[in-house]
Amino acid sequence: MTAHFNDAPEREATAQRAREKFIETYGYEPDGVWSAPGRVNIIGEHVDYQAGLCVPMAISHRCYVAAARTPENTVRMRSLQSEETFSGDAREFAPGKVEGWPAYVAGCVWAVASRLGGDAPRGVDILVDGYVPLGSGLSSSASLECGVVAALNDLMSLGMDEKEQVEAAIRAENEFCGANTGGLDQSASVRCREGGALLLDCADFTTSPLPWNLETEDLALLIVDTRAEHSHVTGEYADRRAASEAAADACGVKTLREVADAEQPSDLRAWCAEKIGDETVAHRGFHVISEIARVKEFVELLGKGELRPRLARIGQLLNESHDSLRDNYEVTCPELDTAVDAAREAGAHGARMTGGGFGGSAIALVEAEKVTEVADAIAAAFAAKGFKEPAFFVALPSAGAGRDL
Ligand code: GLA
């Protein structure tokens, strides 16, 4: 079984293409082109909304936004990935009033409106060209939001720093689109840097760079898009978030980060069972607390220099993270588990799901020379189970949101 690789298109040429498509659509030159990346979260899953720690990196698949400000209040949008175009009055944008992909763009215009003077025109023409596969768990929506916010920030001279841009994108997603996600994705899309990973502390959304230079150590991070689609707007994601809040309540803390930062009981699982009571809620709480501990150890290992001498434990932490998401948090699915099992059997140092789960993508830390072998093994395991053919790529840590043209 030969694996299908889905590499990202070259950045400069793609930005130029967005510019040309804008001209084709609106009949004039855009003011500029901006783009923002998707992300993988290397470790620290389902902890952001409990003030936890995450280690994301940006991928080279980006969403490109060609845009121009207009002297009106009309917002016009077109996406090269959709048949549907949109035109609406920005003064009428309100949560729940816009649907589908245009809601993510309208939400950004809505989220920054308070920064504009009362009568200042809010109109923009926007052309979107997104390469983060939709529903892949690689933050296609955050890449769209953060690309649009970067464009609006420049076009409307809003003077937002990176943290404020992240906040605007989060408001667009949470309040306008009604997806109550935790801020990891937008933070990663704006604040990641080329060539490294990011330590994101969701207690105050501060970040610091982390070394993650796999190439020089002949290692690679293989991404597997399982093509099992997921959505966070409803259902299971909200349910897990609510369970983690119930666990925090039972522990008498505002967030489970407080428990993770306190001295750990010798048997955390038993401690959670006793303190939290409800069995399912105790499992959810145990995941969050133990995942934060894993991130702390992971960050410590990365800080020690070369990965290779510490590879066994690094891989094990990735594996433990997945196993906890499967058994305690119950957010994996047969496709994710199959990808992870096949990667491990084919010699990956560690493998886990990444993102919200219930579909989406998995990552595997592998020897660079084994990328194709591991991908082929995963593709074969999918074929044997009759799953959709997965897509693969090798993720290099890429730059956060910014202006291209
Ligand atoms: C999704 C959400 C994030 C985060 C992850 C799980 O990607 O958008 O906020 O909660 O799931 O770590």
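Just so you know, these numbers use all the heavy atoms, side chains as well, and skip hydrogens, waters and symmetry mates. Start at 1 and go down the list; that is how both ligands and their atoms are numbered.
- Ring orientation note: the planes of Tyr64 and Tyr131 are nearly perpendicular, at an angle over 60° on the 30°/60° scale.
- When each atom of ligand 1 is checked for a heavy atom of Gly355 under 4.0 Å away, the hits are 6 (C), 11 (O).
- Considering backbone and side-chain N/O of Arg39, one or more are found under 3.5 Å from N/O of ligand 1.
- Closest to atom 11 (O) of ligand 1 by heavy atom, among Ser139, Gly356, Gly137, is Gly356.
- Taking the charged nitrogens against the carboxylate oxygens, Arg91 and Asp89 do have a contact shorter than 4.0 Å, which makes a salt bridge.
- Residue Val47 has no nitrogen or oxygen atom sitting less than 3.5 Å from a nitrogen or oxygen atom of ligand 1, judged on distance alone.
- Separation of atoms OG1 (Thr216) and CD (Glu306) is listed at 8.0 Å; rounding is to 0.5 Å.
- Defined by atom type and a distance below 3.5 Å, a donor-acceptor pair is present between the side-chain atoms of Thr332 and Asp337.
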Query - Pair Lys21-Glu24, salt bridge (charged side-chain N to carboxylate O under 4.0 Å, His left out): steps then yes or no - result: CA-CA 5 Å; Lys21 290 287 176 187; Glu24 206 179 287; 3.6 Å; yes
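- Between Asp185 and ligand 1, at least one N/O pair is under 3.5 Å apart.
- The shortest N or O to N or O distance between Tyr49 and ligand 1 is not under 3.5 Å.
- Checked for salt-bridge contact, Asp323 and Arg344 meet the test: a charged N lies under 4.0 Å from a carboxylate O.
- The aromatic rings of His46 and Tyr49 stand perpendicular to each other, their planes meeting at an angle above 60°, with 30° marking the opposite boundary.
- Close approach to Gly182 involves these atoms of ligand 1, each under 4.0 Å from a residue heavy atom: 9 (O).
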**Report entry** Evaluation steps, salt bridge (charged side-chain N to carboxylate O under 4.0 Å, His left out), between Arg193 and Glu162
**Finding:** CA-CA 12 Å; Arg193 297 285 181 267; Glu162 285 189 347; 3.0 Å; yes
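- Nearest to atom 9 (O) of ligand 1 by heavy atom, out of Thr354, Asp48, Asn180, is Asp48.
- Ligand 1 places these atoms under 4.0 Å from at least one heavy atom of Gly183: 9 (O).
- Within ligand 1, counting atoms from 1 as listed, the ones closer than 4.0 Å to a heavy atom of Thr181 are 2 (C), 8 (O), 9 (O).
- Close approach to Tyr237 involves these atoms of ligand 1, each under 4.0 Å from a residue heavy atom: 1 (C), 2 (C), 3 (C), 4 (C), 9 (O), 10 (O), 11 (O).
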